[in-house]
Number of protein chains: 2
Amino acid sequence: MLRVNKKIEYGIIALLYLAQKEEQTASVREMAVSCSIPEALLSKIMQTMKSQGFVQPVYGNQGGYKLTRSLTDINLLEITQTFQGPIQVAECLGSENHKCPAKALCTIISPMTVLNQKIVTLFESTSLENLANRKTAV
Amino acid sequence: MLRVNKKIEYGIIALLYLAQKEEQTASVREMAVSCSIPEALLSKIMQTMKSQGFVQPVYGNQGGYKLTRSLTDINLLEITQTFQGPIQVAECLGSENHKCPAKALCTIISPMTVLNQKIVTLFESTSLENLANRKTAV
DNA sequence: GTCTTATAAGACTAATACAGTCCAATAACA
DNA sequence: TGTTATTGGACTGTATTAGTCTTATAAGAC
Ligand code: SF4
Ligand code: SF4
């Protein structure tokens with residue numbers, strides 16, 4: 001399947017929603033209702049977004065979250081890494097992990113590395129602004 | 001992570017090994033030992049390869065499998081689809097499945113479709129011959 | 001000061017996919 | 001008929017995913 005998980009998708013949808021509201025805050029409930037996303041799950045997602053510095057929380061009545069960065073400044077790779085870890089089309093790529101029994105004799109590590117880099121570049125060159133405008137770069 | 005599963009990797013390694021042997025057959029045991037792939041698992045993989053027409057079985061002593069198609073003719077997309085189903089970077093793409101609660105109001109279906117197509121194209125334009133030569137196309 | 005609104009944090013669950021194993025059956029050749 | 005090797009099915013343990021629930025905390029409103 002080669003899927004990006006739901007946290008990533010819901011997270012992006014929420015950030016795009018926040019961007020639309022400009023400087024205003026939006027609560028998790030408002031975003032969940034407006035975007036048909038399960039509220040408890042979105043709450044978790046926004047906590048992570050906060051910890052990564054994408055949004056800032058505002059407590060109390062009329063509170064919620066507001067964006068702290070511009071959509072043009074956030075790329076898909078960052079979001080993906082936040083919620084799904086590094087892109088590794090093969091498990092041996094990137095983080096040093098030697099679990100693969102075939103590694104010593106593997107004939108495809110090199111091309112898999114190239115393939116991985118291409119996917120990384122594709123994600124990296126796609127900003128949330130691109131997504132908001134229904135485009136992907138390159 | 002965005003991983004391609006082990007069956008795909010082991011399967012490709014096995015096909016490359018077969019290609020190296022030209023017209024000769026190679027048994028699952030031989031391939032498993034030569035490539036450090038768990039034999040029982042590779043056996044399963046080769047069964048699928050056979051059912052998809054990538055290889056032809058030869059029973060009995062000195063038997064095994066032989067390639068039925070040229071490496072230049074097999075692309076990564078085919079292999080991936082065989083062992084992991086269609087590439088769907090978001091679950092709602094491709095196969096008509098409406099499980100996503102956000103679908104009706106989703107602001108990112110369109111760009112996700114474009115992104116998906118780019119990954120499909122990347123996989124499709126990479127032949128096993130490309131992989132054997134440690135390259136990926138485009 | 002306390003009520004209310006909202007975020008924060010953690011534990012918890014069910015469903016699915018993945019990696020791998022084991023076993024009994026069958027095909028073909030020597 | 002024995003040997004080599006593929007075939008097909010069931011089966012297991014682990015990890016990830018998607019989602020829920022509950023309790024605690026921050027801060028403004030009255
Ligand atoms: S099969 Fe090769 S590329 Fe894939 S994980 Fe193992 S060593 Fe890496
Ligand atoms: S969030 Fe949007 S793109 Fe992702 S699965 Fe749901 S409808 Fe499709």
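In what follows, chains are A, B, ... by sequence order, proteins preceding strands, each numbered from 1. Values below: all heavy atoms of this structure, side chains included; hydrogens, waters and symmetry mates excluded. The shown structure was predicted, so the numbers you read here are calculated from the model rather than taken from an experiment.
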Are B/L105 and A/S34 close enough that some pair of their side-chain heavy atoms sits under 4.5 Å apart? no
With the side chain counted from C-beta on, respond yes when A/I119 and B/F123 share a heavy-atom pair under 4.5 Å apart, and no when they do not. yes
Separation of C/dA25 atom P from B/Q47 atom CD, nearest Å, is 16 Å
Atom CD1 of B/I45 and atom P of C/dT21 are separated, to the nearest Å, by 11 Å
Here the residues of residues 48-71 of chain A within 4.0 Å heavy-atom distance, strictly under, of DNA chain D are A/Y59
Residues in residues 26-35 of chain B with a heavy atom under 4.0 Å of DNA chain D, by number, are B/S27, B/V28
Mind listing the N/O atom pairs, protein and nucleotides 11-14 of chain C, below 3.5 Å?
none

Checklist entry - Under 4.5 Å between side-chain heavy atoms, hopping through other hydrophobics if needed: is there a path connecting A/L67 to A/V58? => result no
[X] near the nucleic acid: base, sugar-phosphate alone, or nothing, with a heavy-atom cut-off under 4.0 Å?
X     : answer
B/S43 : base
B/Y10 : sugar-phosphate
A/E39 : nothing
B/E9  : nothing

When you check the side-chain N and O atoms of A/S127 and A/N130, is any donor under 3.5 Å from an acceptor? yes
Using modelled atom types and a 3.5 Å cut-off, is there a donor and acceptor pairing between side-chain atoms of [X] and backbone atoms of [Y]?
X     : Y     : value
A/T25 : A/Q62 : yes
B/Q88 : B/L93 : yes
B/N5  : B/Q84 : no
A/S43 : A/E39 : no

d(B/R3 CZ, A/I87 CD1) to nearest 0.5 Å is 13.5 Å
Side-chain polar contacts of residues 44-53 of chain B - donor-acceptor pairs under 3.5 angstrom, sequence neighbours left out - could you list them?
{"unit_1": "B/T48", "atom_1": "OG1", "unit_2": "B/K44", "atom_2": "O", "d": "3.3"}
{"unit_1": "B/S51", "atom_1": "OG", "unit_2": "B/T48", "atom_2": "O", "d": "2.9"}

Taking every heavy atom of B/V4 against every heavy atom of B/I8, the minimum-distance pair comes out as CG1-CG2, 3.6 Å
Looking at B/K6, I want to see if its NZ is surrounded by more than 12 non-hydrogen atoms of other residues, nucleotides or ligands under 6.0 Å. yes
So the salt bridge (Lys or Arg N to Asp or Glu O under 4.0 Å) pairs with at least one residue in residues 51-70 of chain B (sequence neighbours excluded) are B/R69-B/D73, B/R69-B/E78
Next on the checklist: Under 4.0 Å from OP1 or OP2 of C/dA19: is there any side-chain N or O of B/R3 that close?
Outcome noted: yes
Outermost contacting nts on DNA chain D, any atom under 4.0 Å from chain A heavy atoms, listed 5' then 3', are D/dT17 to D/dA27
